[in-house]
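Scope of the values below: all heavy atoms of this structure, side chains included, with no hydrogens, waters or symmetry mates.
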2 protein chains.
Amino acid sequence: MEHQEFQFFGGRASERGSWDWELLANGLPLQDYRPGQLIYLQGSQATHFYYISSGRIKSYLTSQDGAERILTVYRQGEILGEASFFDGQPRVSSATALTKCRIAAIDREHCDRTLRQNPQLSMSMIRYLAMTVRQLSTHVDDTAFLRADQRIARLLLALAEEDGVTVHCTHEFLGGAAGVSRVTVSRVLGQFQKCGMIHLGYGSIRLLEPKALERLF
Amino acid sequence: MEHQEFQFFGGRASERGSWDWELLANGLPLQDYRPGQLIYLQGSQATHFYYISSGRIKSYLTSQDGAERILTVYRQGEILGEASFFDGQPRVSSATALTKCRIAAIDREHCDRTLRQNPQLSMSMIRYLAMTVRQLSTHVDDTAFLRADQRIARLLLALAEEDGVTVHCTHEFLGGAAGVSRVTVSRVLGQFQKCGMIHLGYGSIRLLEPKALERLF
DNA sequence: CTCAAATTGTAACATAGTTTACATTCTTTT
DNA sequence: AAAAGAATGTAAACTATGTTACAATTTGAG
């Protein structure tokens with residue numbers, strides 16, 4: 001029970017390293033992406049899905065007035081965009097590179113052939129999608145039932161799970177991922193710091209008392 | 001583009017009839033469930049998933065203080081509980097029968113054998129899970145960016161998609177599905193009625209002007 | 001080194017939606 | 001037919017968060 005339910009988002013932690021998608025990307029050229037570069041856009045048709053050879057990518061929803069809700073942060077060795085690819089409907093989310101990335105784009109012909117030649121990959125894909133369903137359900141659960149401070153606490157713990165005790169991100173980012181405003185993030189983090197649970201830097205947060213954060217819910 | 005994006009919840013409309021899971025349940029005994037009977041419980045281990053031969057089932061999340069958030073209404077011919085089954089983690093949601101149901105419980109041994117004998121079923125499962133990912137993403141999108149009245153309008157349209165112009169459910173139910181309180185549902189529906197968009201009965205809502213409801217967002 | 005841009009802190013104010021409470025209406029049971 | 005239970009309508013008080021605004025700090029670019 002090291003990290004228990006903390007697959008809130010970003011959280012593919014529970015399965016990190018247990019996927020082997022290199023086979024899927026085998027033989028495909030890697031493309032370079034710069035930070036901030038768009039990979040796919042909400043509403044577009046899904047002709048490919050993507051394998052991350054290196055770098056980090058966020059997927060997110062955008063409201064009509066431009067607000068952004070982050071769904072997942074994908075990392076090296078993971079795939080993204082496979083759901084819209086398989087169900088044939090337009091993309092529900094967008095994805096952009098958070099860092100420099102090297103990405104392979106997998107098209108339908110390549111995917112079909114590789115799955116046919118490696119039947120065990122189908123089962124991996126089923127498990128991967130099942131994990132994504134779990135993560136999104138947890139997302140709904142959290143936003144439905146937790147207060148702002150609780151969601152922010154969960155998020156910090158989930159990010160620390162991946163990055164270590166010092167999490168590097170802005171309050172703006174945390175707001176987008178937890179579904180609260182930047183101002184609320186700053187206020188809540190200020191309180192956390194006052195209680196000695198965290199230490200705030202510029203663009204970074206060091207978790208001092210993770211146990212205390214867990215006790216918030 | 002008859003129903004466009006309205007897979008909000010309950011909404012498997014976009015794919016209705018396009019699944020053929022009978023093969024998966026073939027040879028398994030059907031069990032009878034009464035309305036209100038529990039099928040599986042949040043937090044429990046997933047040893048089976050389920051095929052609905054007849055009846056309707058809701059899946060939902062429960063908060064610590066007992067509040068309920070409905071995720072999906074499943075119907076005849078659909079399967080449920082497959083995500084936790086495949087990813088091997090405890091159930092994130094519960095499921096109970098809404099009506100009398102006949103259900104087949106599919107265990108791991110039976111599932112493995114059937115998928116091995118019918119390789120095309122794996123691809124169906126991938127498409128089904130992909131559709132579920134889409135639905136949950138839409139769920140997150142709606143609760144993140146829409147007001148109470150907009151979510152209720154969407155929900156009514158989605159339900160009408162399945163049940164016809166007269167939707168049979170309580171305000172309590174709508175609240176659970178849209179993520180708002182019963183009181184808010186009653187207030188919003190009252191306004192909709194005053195505008196002539198709907199007609200309210202006892203346990204039923206007739207949509208008079210669906211177009212007007214769509215214009216709300 | 002300087003200036004512009006990004007990030008953070010904080011306060012006042014606005015508000016959508018919850019909670020609580022109670023009356024009313026409809027349905028089912030006896 | 002009466003009584004009990006469900007479902008609905010509506011109002012008042014409350015609250016968590018968003019919004020707006022602006023100052024202070026840190027970083028990065030030229």
Side-chain angles (χ1 to χ4, degrees), chain A residues 34-36 63-70 98-99 142-156 159 166-195 197-206 216-217, chain B residues 35-36 63-70 98 142-156 159 166-195 197-206 216-217:
Chain A
R34 314 238 100 239
S63 75
Q64 288 169 346
D65 57 352
E68 194 173 278
R69 182 69 186 269
I70 296 170
L98 286 171
T99 64
D142 287 351
T143 48
F145 299 133
L146 297 183
R147 292 190 313 268
D149 60 327
Q150 296 175 312
R151 281 189 268 165
I152 291 167
R154 287 208 119 172
L155 189 50
L156 288 176
L159 291 172
T166 301
V167 174
H168 292 273
C169 67
T170 68
H171 298 186
E172 182 93 43
F173 175 90
L174 291 174
V180 298
S181 72
R182 195 277 303 172
V183 177
T184 297
V185 174
S186 296
R187 182 168 36 80
V188 167
L189 290 181
Q191 288 165 350
F192 286 177
Q193 178 167 242
K194 208 176 295 176
C195 301
M197 297 167 164
I198 63 177
H199 176 79
L200 293 172
Y202 186 85
S204 74
I205 298 157
R206 165 168 304 224
L216 275 178
F217 35 95
Chain B
S63 75
Q64 288 168 345
D65 57 351
E68 193 173 279
R69 182 67 184 270
I70 295 170
L98 287 170
D142 287 352
T143 48
F145 299 133
L146 298 184
R147 291 191 314 269
D149 59 326
Q150 296 175 311
R151 282 189 269 165
I152 292 167
R154 286 207 119 171
L155 187 50
L156 288 176
L159 291 172
T166 302
V167 173
H168 291 274
C169 67
T170 68
H171 298 184
E172 183 92 44
F173 175 91
L174 292 173
V180 298
S181 70
R182 195 277 303 172
V183 176
T184 298
V185 174
S186 296
R187 182 167 38 74
V188 168
L189 290 182
Q191 289 165 349
F192 286 177
Q193 178 166 240
K194 208 177 291 176
C195 302
M197 297 166 163
I198 62 176
H199 176 79
L200 293 172
Y202 186 84
S204 74
I205 299 157
R206 166 169 302 226
L216 274 178
F217 34 95

(request) Nearest-nucleotide wise, let me know which of A:Asp149 and B:Glu172 is further upstream toward the 5' end of DNA chain D. (result)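 In this pair, the answer is B:Glu172.
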Between [X] ([atom1]) and [N] ([atom2]), how many Å, whole number?
X        : N      : atom1 : atom2 : value
A:Arg182 : D:dT19 : CZ    : C1'   : 11 Å
B:Lys194 : D:dT8  : NZ    : C1'   : 15 Å
B:Phe192 : D:dT8  : CZ    : C1'   : 17 Å
B:Leu146 : C:dA16 : CG    : P     : 15 Å
A:Ile205 : C:dT7  : CD1   : C1'   : 12 Å
A:His199 : C:dT8  : NE2   : P     : 13 Å
B:Phe173 : D:dA6  : CZ    : C1'   : 17 Å
A:Leu189 : C:dG9  : CG    : P     : 8 Å

So what does [X] touch, heavy atoms closer than 4.0 Å: a base, only the sugar-phosphate, or nothing?
X        : answer
B:Thr170 : sugar-phosphate
A:Leu200 : sugar-phosphate
B:Arg187 : base
B:Gly190 : nothing

To the nearest 0.5 Å, tell me how far [X] [atom1] sits from [Y] [atom2].
X        : Y        : atom1 : atom2 : value
B:Leu200 : B:His171 : CG    : NE2   : 5.5 Å
A:Leu98  : A:Ile70  : CG    : CD1   : 7.5 Å
B:Ile152 : B:Arg187 : CD1   : CZ    : 8.0 Å
A:Phe192 : A:Asp149 : CZ    : CG    : 5.0 Å

(request) Check whether any side-chain nitrogen or oxygen of A:His171 sits under 4.0 Å from OP1 or OP2 of C:dG9, and answer yes or no. (result)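 Answer yes for this pair, as a side-chain N or O of A:His171 is under 4.0 Å from OP1 or OP2.
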(request) Please determine if a side-chain N or O atom of B:Thr184 lies less than 4.0 Å away from the OP1 or OP2 oxygen of C:dT18. (result)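 Checking B:Thr184 against C:dT18: at least one side-chain N or O falls below 4.0 Å of OP1 or OP2.
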Can you tell which of [options] lies closest to the side chain of [X]?
X        : options                : value
A:Val183 : D:dT20, C:dT18, C:dG17 : D:dT20
B:Tyr202 : D:dT8, D:dT20, C:dT8   : D:dT8
A:Val180 : C:dT8, D:dT10, D:dG18  : D:dG18

(request) Give a yes or no on whether the backbone of B:Ala178 and the side-chain of B:Arg151 come within a donor-acceptor separation of less than 3.5 Å. (result)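 Yes, the answer is positive, given that a donor and an acceptor are paired below the 3.5 Å cut-off.
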